[in-house]
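One structure is given below, encoded as structure tokens.
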Amino acid sequence: MADYKPQTLEKKWQERWQRERAFEVTEDDPRPKFYCLEMFAYPSGHAHVGHLRNYMIGDVVARMKRMRGFNVLHPFGWDAFGLPAENAAIKNQTHPETWTLENIAHMKGQLQRIGISYAWEREIATCMPDYYHWNQWLFLKMLERGLAYKKRSSVNWCPSCNTVLANEQVIDGKCWRCGTTVVTRELEQWFFRITQYADELLEAADRLPEWPDKVLTMQRNWIGRSEGARVKFPLPDPKGQPDHIEVFTTRIDTIYGANFILLGPEHPLVQQWKAQADPAFRQTLEKFLAQDRTLRMTGEIEKEGFDTGRTAINPFTNKSVPVWVANFVLGEYGTGAVMGVPGHDQRDHEFAHKYNLPITIVVQPGAGAVSSGSAAEPYDGPGTIVNSGEFNGLPTSDAIVKMSEAAEARGIGERTIQYRLKDWGISRQRYWGTPIPVVYCDKDGMVPVPADDLPVLLPKVAEFTGRGDSPLAQVPEFVNTTCPECGGPARRETDTMDTFVDSSWYFYRFCDPKNASLPFDPDKVGYWGPVDFYVGGVEHAILHLIYSRFFARVFRDLGMSAIDEPFTRLLTQGMVLKDGHVMSKSKGNVVDPDDMIEKVGADAIRLYVMFVAPPEKEIEWSDAGLEGSYRFLARVWRLVDQLCETIGGEGIPAPGGIELDDAERALRRKTHDTIRRVSQDLDPRVHLNTAVSALMELVNELYAFCNRSESTRVGRSIDDPATIGVAERPATIAVLKEAVEALILMISPFAPHMAEELWERMGHPDGIVAVGWPAFDEQVSRAEQIVVPVQVNGKVRARLTVSIEVSEDELKSLALADPQVVKNVEGKTIRKVVVAGGAGSRIVSIVAG
RNA sequence: GCGAAAGUGGCGGAACUGGCAGACGCGCCGGACUUAGGAUCCGGUAGCCGAAAGGCUAUGGGGGUUCGACUCCCCCCUUUCGCACCA
């Protein structure tokens with residue numbers, strides 16, 4: 001007899017798993033593969049239970065799949081480059097690498113203490129040269145194929161982080177990381193041509209049935225496909241190169257109502273015209289253009305325009321229309337210019353109203369009578385075309401086709417598809433990232449570093465001032481190099497890559513983490529890929545998950561893999577709140593897992609987090625709930641502790657062929673019913689909370705079974721003489737053994753340490769890891785009892801408890817034998833008895849009269 | 001404004017394809033065992049009526065489909081999340 005002492009037994013099993021390399025895997029394994037992955041971690045210092053929830057969910061699935069006969073790859077690594085390391089270095093006078101490696105060591109210990117079953121021999125850290133080497137390799141491949149390119153552009157600049165942000169990293173005009181308002185800068189930047197895959201990424205989103213709809217919707221919106229047309233509005237008096245303004249519209253059918261042209265402030269013609277204008281005009285234009293770009297992007301400022309004094313020709317009406325600059329037109333989207341149709345667009349209507357521009361109605365809702373005059377409200381729905389010459393009377397949908405064709409025939413426009421998605425800017429003016437492997441030579445210009453010279457190592461020395469230029473530019477030994485082409489002096493690129501590059505393909509590196517000649521062996525990715533089950537926070541729904549889908553296609557097109565979609569199934573786990581807020585160090589509401597392990601052990605934490613809510617939902621941390629889970633584990637412990645001498649070891653037969661009494665049969669049914677429920681709740685559903693509750697029911701049933709009489713009572717306190725374990729009857733022992741062993745096995749994904757210990761105490765010295773999932777006996781489970789409602793003339797008059805083995809005929813006779821049914825149909829003629837419902841549940845309806 | 005998801009006891013949550021609403025746990029109440037109990041074991045716990053048997057009312061609100069609705073359909077309310085001038 002021994003009390004449940006999680007701390008010592010957990011340590012024992014963690015050491016044993018490590019010693020026996022219990023979770024390491026190879027590719028030459030006859031079992032089917034299963035790749036289970038949680039989003040790798042940024043090594044920020046200390047993991048709190050909110051972080052750990054992610055890994056616990058993946059671990060339950062990985063352990064369960066192992067038991068069910070899969071060769072399970074379950075690796076872990078570190079997203080180790082990034083700004084916080086650099087900021088910490090500035091603050092603490094240490095090196096980012098020191099800070100990062102110390103954090104990794106600590107967090108790795110935390111993960112081991114909570115008992116996550118990782119193949120640690122495959123661990124990777126993106127800040128190591130043997131990893132970022134392959135970022136550089138891939139960059140060169142993308143450069144060769146035109147998927148990486150450099151251009152000058154206005155970029156989002158975070159003045160606090162002192163670096164560029166991708167569009168995806170700007171939230172409401174603010175930096176995703178620090179919340180500082182983002183400003184615009186003109187810089188030479190490297191881009192990845194993700195837009196080349198826009199259509200494919202969008203289309204394939206329909207073929208990801210095991211992703212949450214929410215994530216797919218977000219990705220679809222982010223890619224933002226619109227079908228429309230580009231149309232040229234000629235400039236009668238160009239005085240310069242372009243002799244027209246091209247607009248993008250999804251509503252070419254309203255073009256007869258286009259009474260003005262609006263240019264975005266970034267439109268090149270605006271700059272050109274400004275330069276040509278007289279000083280007074282230029283000054284007012286500049287004043288207008290000085291509006292804060294980020295304020296404009298929030299959409300909360302009033303619509304304002306500036307009349308350029310120029311005109312263009314509407315190519316359909318041949319009328320002259322004024323050209324304005326408008327603060328609400330986005331320079332980066334479409335052509336940066338739009339046609340203003342005040343009759344049928346809310347924004348254009350407001351604009352026309354404000355500046356007294358004419359409004360023309362060209363669409364009537366429905367096919368009804370034509371009303372005249374300008375509408376007080378713009379109508380932007382479908383309808384019938386009016387005031388549009390030869391197109392009058394067409395439905396708007398037809399008009400879009402006909403007018404597009406007309407524009408194409410006249411060479412003044414074409415149908416196009418416009419995406420909201422833009423190319424991915426990857427240059428970062430920071431130190432702690434992958435150096436971009438190109439050099440600049442006065443003679444040969446931009447020259448890629450030859451693949452044989454990779455990796456371009458990040459120099460150890462760098463000064464961390466937090467100034468707004470690239471720290472690498474301060475390191476002459478790094479910057480000054482020779483040109484691979486001509487051997488003359490050259491300068492290295494001093495920007496580093498966005499860390500999202502690192503995280504966009506790490507799941508392939510895990511398949512072959514030590515490969516020194518390629519990012520991975522295609523055969524190994526062919527074996528393990530794609531990731532079958534991927535767990536992570538919904539905050540990565542757009543950034544990481546679109547970039548990874550993009551990179552998977554790049555590798556595919558390089559001939560490195562056959563995989564389009566890197567993640568077959570995605571689970572976005574909910575956050576862990578404390579006192580109603582997300583855990584964060586600054587809020588002071590973090591729950592440190594090591595404190596909790598000290599109190600109740602890792603298994604109780606794991607069980608609690610899995611039990612308290614479905615994995616997708618956020619949970620509110622509760623110490624009382626945690627204690628409840630500890631109590632449950634202690635309850636299981638006591639049960640097994642008191643029974644194992646009787647039911648453990650060899651020589652006890654399976655209960656299959658033995659004659660059982662009612663209670664034994666009921667327990668056996670419960671055992672197999674629980675196996676069925678837990679199995680289904682774990683796979684294919686991942687309803688971990690209900691799986692745990694099914695196990696709790698089984699434990700309750702076991703206690704009730706043993707407590708039928710004083711002599712078989714279990715579960716009292718250790719020193720209580722009433723707790724002498726169980727009976728004599730071989731059938732009882734056989735049924736109990738089956739139930740208890742199934743319980744231990746099924747609890748092991750949740751509470752692996754305790755399960756191992758109990759399994760050992762039951763007389764199995766070889767450890768649980770290699771043991772299979774408990775066998776499910778359908779025969780036993782089919783004898784399950786169900787309750788069938790019996791209706792008489794449409795009202796439920798009785799409920800029959802029957803076995804689902806009962807046939808329909810038997811069910812009918814049972815219904816008629818039920819006293820209450822007899823009472824309800826007494827003296828009446830039974831017209832009809834109906835049996836309905838699916839397998840397992842049947843409804844008897846009796847029509848009497 | 002647009003889009004998505006959700007609304008069930010004191011609380012977290014269950015209910016799988018339309019079939020006993022509230023599994024399981026927390027909390028609370030009681031009993032047993034005890035010098036003691038914040039341990040353990042056993043029981044109770046949606047609301048209302050009733051001594052009980054039992055009955056009635058209940059899944060945000062209102063309609064509908066159905067023998068039967070937490071579940072499906074329509075309208076409304078609330079909350080959360082995402083997008084937000086994308087022409």
Side-chain angles (χ1 to χ4, degrees), chain A residues 3 171-172 212-218 220-222 224-226 228 247-251 254 262 264 296-301 303 326-330 332-335 337-341 344-348 350-351 380 418-421 538 541-542 607-608 611-614 616-620 622-629 631-632 634-635 638 677 680-681 685 687 689-697 699-700 703-704 706-707 713-720 722-723 786-789 791-796 799 801 834 836-847:
Chain A
D3 282 329
I171 315 290
D172 292 338
D213 285 341
K214 179 188 166 126
V215 172
L216 292 173
T217 305
M218 282 165 75
R220 284 193 196 100
N221 292 341
W222 188 261
R225 180 191 149 108
S226 342
V247 301
F248 173 74
T249 178
T250 54
R251 290 296 304 273
T254 64
L262 300 174
R296 277 177 48 212
M297 286 176 69
T298 64
E300 276 158 23
I301 57 167
K303 293 178 177 36
N327 64 349
F328 64 93
V329 175
L330 303 169
E332 323 84 74
Y333 184 75
T335 60
V338 298
M339 62 184 202
V341 185
H344 305 287
D345 181 277
Q346 182 65 43
R347 297 154 300 184
D348 297 343
E350 267 177 57
F351 193 82
D380 59 7
Q418 190 65 46
Y419 294 97
R420 206 187 86 112
L421 183 72
V538 73
I542 294 175
L607 191 90
Y608 165 66
F611 171 65
V612 71
E616 296 85 355
K617 262 196 101 149
E618 64 183 26
I619 61 180
E620 170 73 31
S622 138
D623 286 339
L626 177 65
E627 274 182 48
S629 292
R631 270 203 295 274
F632 170 69
R635 191 166 149 88
R638 276 190 300 276
R677 284 170 64 192
Q680 285 174 0
D681 279 352
R685 320 195 313 179
H687 290 198
N689 54 329
T690 51
V692 175
S693 69
L695 291 168
M696 288 173 167
E697 281 185 50
V699 172
N700 291 344
Y703 268 81
C706 293
N707 287 335
R713 181 188 280 187
V714 296
R716 302 290 297 271
S717 60
I718 301 303
D719 51 344
D720 188 327
T723 60
I786 57 157
V787 176
V788 179
Q791 302 174 356
V792 178
N793 290 345
K795 282 209 92 177
V796 174
R799 290 178 199 284
T801 301
V834 182
S841 71
R842 286 160 200 187
I843 299 93
V844 179
S845 174
I846 298 173
V847 182

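Worth knowing before you read on, the calculation uses all heavy atoms, side chains too, and leaves out hydrogens, waters and symmetry mates. Lettering of chains follows the sequences in order, A, B, ..., and the numbering in each one begins at 1.
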Roughly, in whole Å, what's the span from [atom1] in [X] to [atom2] in [N]?
X: A/H687; N: B/A14; atom1: NE2; atom2: P; value: 8 Å
X: A/Y419; N: B/A87; atom1: OH; atom2: C1'; value: 17 Å
X: A/L330; N: B/A84; atom1: CG; atom2: C1'; value: 11 Å
X: A/F328; N: B/A87; atom1: CZ; atom2: P; value: 13 Å
X: A/M696; N: B/A14; atom1: CE; atom2: P; value: 14 Å
X: A/D380; N: B/C85; atom1: CG; atom2: C1'; value: 13 Å
X: A/R420; N: B/C85; atom1: CZ; atom2: P; value: 9 Å
X: A/L262; N: B/C85; atom1: CG; atom2: C1'; value: 12 Å

Nucleotide nearest [X] when distance is taken to its side chain, options [options]:
X: A/Y333; options: B/C41, B/A87, B/C24; value: B/A87
X: A/P614; options: B/C81, B/G13, B/C26; value: B/G13
X: A/Q680; options: B/U40, B/C16, B/A84; value: B/C16
X: A/M218; options: B/C41, B/G82, B/C86; value: B/G82
X: A/R631; options: B/A87, B/A15, B/G27; value: B/G27
X: A/N707; options: B/G3, B/C42, B/A84; value: B/C42
X: A/A624; options: B/A87, B/C26, B/A15; value: B/C26
X: A/R685; options: B/C83, B/A15, B/A87; value: B/A15
X: A/V329; options: B/C81, B/C42, B/A87; value: B/A87
X: A/K617; options: B/G13, B/C24, B/A14; value: B/G13

If we ignore hydrogens and angles and just use 3.5 Å, is the side chain of [X] paired with the main-chain N or O of [Y] as donor and acceptor?
X: A/R347; Y: A/F328; answer: no
X: A/Y608; Y: A/S622; answer: yes
X: A/D345; Y: A/V341; answer: no

With a 3.5 Å limit on both atom pairs, tell me what [N] is paired to, counting Watson-Crick and G-U wobble, or say none.
N: B/C28; result: B/G44
N: B/A69; result: none
N: B/A23; result: none
N: B/G50; result: none
N: B/G1; result: B/C83
N: B/U17; result: none
N: B/U35; result: none

In whole angstrom, give me the gap between the [atom1] atoms of [N] and [M].
N: B/C77; M: B/C67; atom1: P; value: 32 Å
N: B/C33; M: B/C42; atom1: P; value: 15 Å
N: B/U71; M: B/C20; atom1: P; value: 13 Å
N: B/A46; M: B/G9; atom1: P; value: 13 Å
N: B/C11; M: B/C28; atom1: C1'; value: 11 Å
N: B/U66; M: B/U17; atom1: C1'; value: 16 Å
N: B/C83; M: B/C76; atom1: P; value: 26 Å
N: B/C75; M: B/G25; atom1: P; value: 41 Å

Do the side-chain N or O atoms of [X] get closer than 4.0 angstrom to the phosphate oxygens (OP1, OP2) of [N]?
X: A/R220; N: B/G3; result: no
X: A/Y703; N: B/C41; result: yes
X: A/N221; N: B/A84; result: no
X: A/R677; N: B/C24; result: no
X: A/S622; N: B/G12; result: no

At under 4.0 Å between heavy atoms, what does [X] touch on the DNA or RNA strands: base, sugar-phosphate, or nothing?
X: A/N689; result: sugar-phosphate
X: A/D348; result: nothing
X: A/G224; result: nothing

Do [X] and [Y] touch side chain to side chain, with heavy atoms closer than 4.5 Å?
X: A/Y703; Y: A/R638; value: yes
X: A/F248; Y: A/V338; value: no
X: A/D348; Y: A/Q346; value: no

Report the glycosidic orientation of B/G12: syn if within 90° of 0, anti in every other case.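 Anti.
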So, under a plain 3.5 Å distance rule, would you say the side chain of A/K214 forms a donor-acceptor pair with the base of B/C81?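 Such a pair does not exist between side chain and base.
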Return yes if the base of B/A87 and the side-chain atoms of A/R347 contain a donor-acceptor N/O pair under 3.5 Å, otherwise no.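 Answer is yes: a donor-acceptor pair is held.
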Are side-chain N/O atoms of A/N221 and A/R420 paired as donor and acceptor at under 3.5 Å?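 Short answer, no.
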Between A/T250 and A/A634, who's closer to the 5' end of RNA chain B by nearest nucleotide?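 It is A/A634, whose closest nucleotide lies nearer the 5' terminus.
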Report the C-alpha distance between A/E616 and A/V538 in whole Å, list the side-chain angles of each, state the deciding distance to 0.1 Å, and finish with yes or no for side-chain contact (heavy atoms from CB on, under 4.5 Å). CA-CA 9 Å; A/E616 296 85 355; A/V538 73; over 6 Å; no
Checking side-chain contact (heavy atoms from CB on, under 4.5 Å) for the pair A/R220/A/T217: CA distance, chi angles, key distance, verdict? CA-CA 5 Å; A/R220 284 193 196 100; A/T217 305; 4.3 Å; yes
